[in-house]
Amino acid sequence: MKIWAVSNQKGGVGKTTTVVSLAGLLSSWGFRVLLVDLDPHGSLSSYFGLDPDGIKASVYNLFHDASQKKAIKTEAYIRKTKFENISILPASTAIATLDRQVASMGGMGLVVSNALKKVSSQYDYVIIDSPPMLGVLMSNALAACQHLLIPTLAEFLALKGLERMLHTFDMVFHSRKVKPACTIIPTMFDKRTRAARESLVALKSAYPDKVWVGYIPVDTKIRDASQAGVPVSLFVKNSKAADAYAELLETLLQDDIDHDRKMA
Ligand SMILES: Nc1ncnc2c1ncn2[C@@H]1O[C@H](COP(=O)(O)OP(=O)(O)O)[C@@H](O)[C@H]1O
Ligand SMILES: [Mg+2]
């Protein structure tokens, strides 16, 4: 089982869209996928028709079990979605209070990682959607993942934020023996605007080893698919964004193979 985390401290950069789009593709390529919603907004959960305000079993329970020193009943909190091979561990709005509740307890940084170990034979890929702020939830996402995906807008202002964020992530990863792989994904790219094209060049020259060679284009079908609550590749046959996500996925799968070979 591989664990990917999709993170960026900025909202509206395509995190949730990236999680859902990759999940749709992985599932139709025959992989068993578990999605984990660590964002208190619960957009990922809502995408699959779950209401984060009314949900009973959620990520919250993982932390509750751990804080009570009980065995974490991961399986009990996971639900199947209506899509074959896609399950979800949803967010409830209550997880917004976790920072305050568990900060004083300590030792809560590996709750998600430990919870996922219990279901490692049941899924091929886990994709975690992260909250925009660095707190206990984001730390858990960063600690659990083997591959960090950072969706980024091609804007000059985004570049500055990215620099700060990569620095923060490096500090968080400092204590990890094996550092996760990291891929920056240019999203909502509009090739017709010169500012976007120039920013993409700047992004690639600033992080030549980290930026994915392609980009996810702006595509109205993403919004239509999101309204319908369906991953874009399962929603329409011809979507430029879905094609780009498929290319991205091929790269990510190959990266993981290369990474495993290096470790062996
Ligand atoms: N490639 C794209 N083309 C057009 N709209 C997109 C694209 N990717 C995301 N969006 C839209 O942009 C908004 C923000 O995306 P979202 O994935 O929710 O970002 P985040 O999770 O980082 O806050 C959503 O309304 C989404 O439908
Ligand atoms: Mg989101």
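In each ligand, atom 1 is the first atom listed, and ligand 1 is the first ligand listed.
- Residue E84 qualifies as open at atom CD: its count of foreign heavy atoms under 6.0 Å is 12 or below.
- Inspection of the Y207 and E163 side chains reveals no N or O donor paired with an N or O acceptor under 3.5 Å.
- In this structure, atom 3 (N) of ligand 1 lies nearest to the protein heavy atom D219 N, 2.9 Å.
- A 6.0 Å sphere centred on NZ of K80 holds no more than 12 heavy atoms belonging to other residues, nucleotides or ligands.
- Applying the 4.0 Å criterion to heavy atoms of I216 picks out, from ligand 1, the atoms 1 (N).
- On a distance-only criterion, P217 and ligand 1 share at least one N/O pair closer than 3.5 Å.
- Of the polar atoms of D129, none of the N or O atoms is found under 3.5 Å from an N or O of ligand 1, judged by distance alone.
- Of all protein heavy atoms, the one closest to atom 13 (C) of ligand 1 is M188 CE, 4.5 Å.
- When hydrophobic residues (I, L, V, M, F, W, Y) are linked wherever their side-chain heavy atoms come within less than 4.5 Å, V201 remains an isolated member.
- For CD of E75, the number of neighbouring non-hydrogen atoms (other residues, nucleotides, ligands) closer than 6.0 Å is 12 at most.
- Both the backbone and the side chain of T17 come within 4.0 Å of ligand 1, judged by heavy-atom distances.
- Using the six-membered ring where Trp is involved, F31 and Y125 have ring planes that are perpendicular, over 60° apart on the 30 and 60° scheme.
- Distance check for S43 against the Mg ion (ligand 2): none of its N/O/S atoms falls below 2.8 Å.
- Of the N and O atoms on the side chains of Y245 and T18, at least one donor lies less than 3.5 Å from an acceptor on the other residue.
- Atom numbering of ligand 1 starts at 1 in the shown order; those under 4.0 Å from a heavy atom of V218 are 3 (N).
- The residues D256 and K2 are annotated as not salt-bridged, no charged nitrogen and carboxylate oxygen being separated by less than 4.0 angstrom.
- The two residues Q9 and M138 have their closest heavy-atom pair at CG-CE, 3.5 Å.
- Among the atoms of S226, none of the N or O lies under 3.5 angstrom from an N or O of ligand 1.
- Atom 18 (O) of ligand 1 has as its closest protein heavy atom T16 CB, 4.1 Å.
- Under a 4.0 Å N-O distance rule, the pair D219/K221 does not qualify as a salt bridge.
- For atom 25 (O) of ligand 1, the nearest protein heavy atom lies 4.0 Å or farther away.
- Counting heavy atoms under 4.0 Å from ligand 1, residue P132 does not touch it at all.
- When only interatomic distances are considered, the shortest N/O to N/O separation between V13 and ligand 1 falls below 3.5 Å.
- Here's the thing with K10: none of its N/O atoms is less than 3.5 angstrom from an N/O atom of ligand 1.
- Ligand 1 has no atom lying under 4.0 Å from any heavy atom of T187.
- For atom 14 (C) of ligand 1, the closest heavy atom belonging to the protein is G12 CA, 3.9 Å.
- Atoms of ligand 1 found under 4.0 Å from any heavy atom of G11, numbered from 1 in the order shown, are 23 (O).
- When only interatomic distances are considered, the shortest N/O to N/O separation between I222 and ligand 1 does not fall below 3.5 Å.
- Of the protein's heavy atoms, at least one falls inside 4.0 Å of atom 6 (C) of ligand 1.
- For the side chain to side chain contact (heavy atoms under 4.5 Å, CB included) criterion with P151, the lone passing option out of K10, K15, M188 is K15.
- Counting only heavy atoms of the protein, atom 19 (O) of ligand 1 lies nearest to G14 N, 3.0 Å.
- Judged purely by distance below 3.5 Å, without hydrogens or angles, the side chains of Y60 and D65 never pair a donor atom with an acceptor atom.
- Heavy-atom contacts from other residues, nucleotides or ligands closer than 6.0 Å to NZ of K179 number more than 12.
- Taking only nitrogen or oxygen atoms, main chain and side chain alike, A241 does not reach within less than 3.5 Å of ligand 1.
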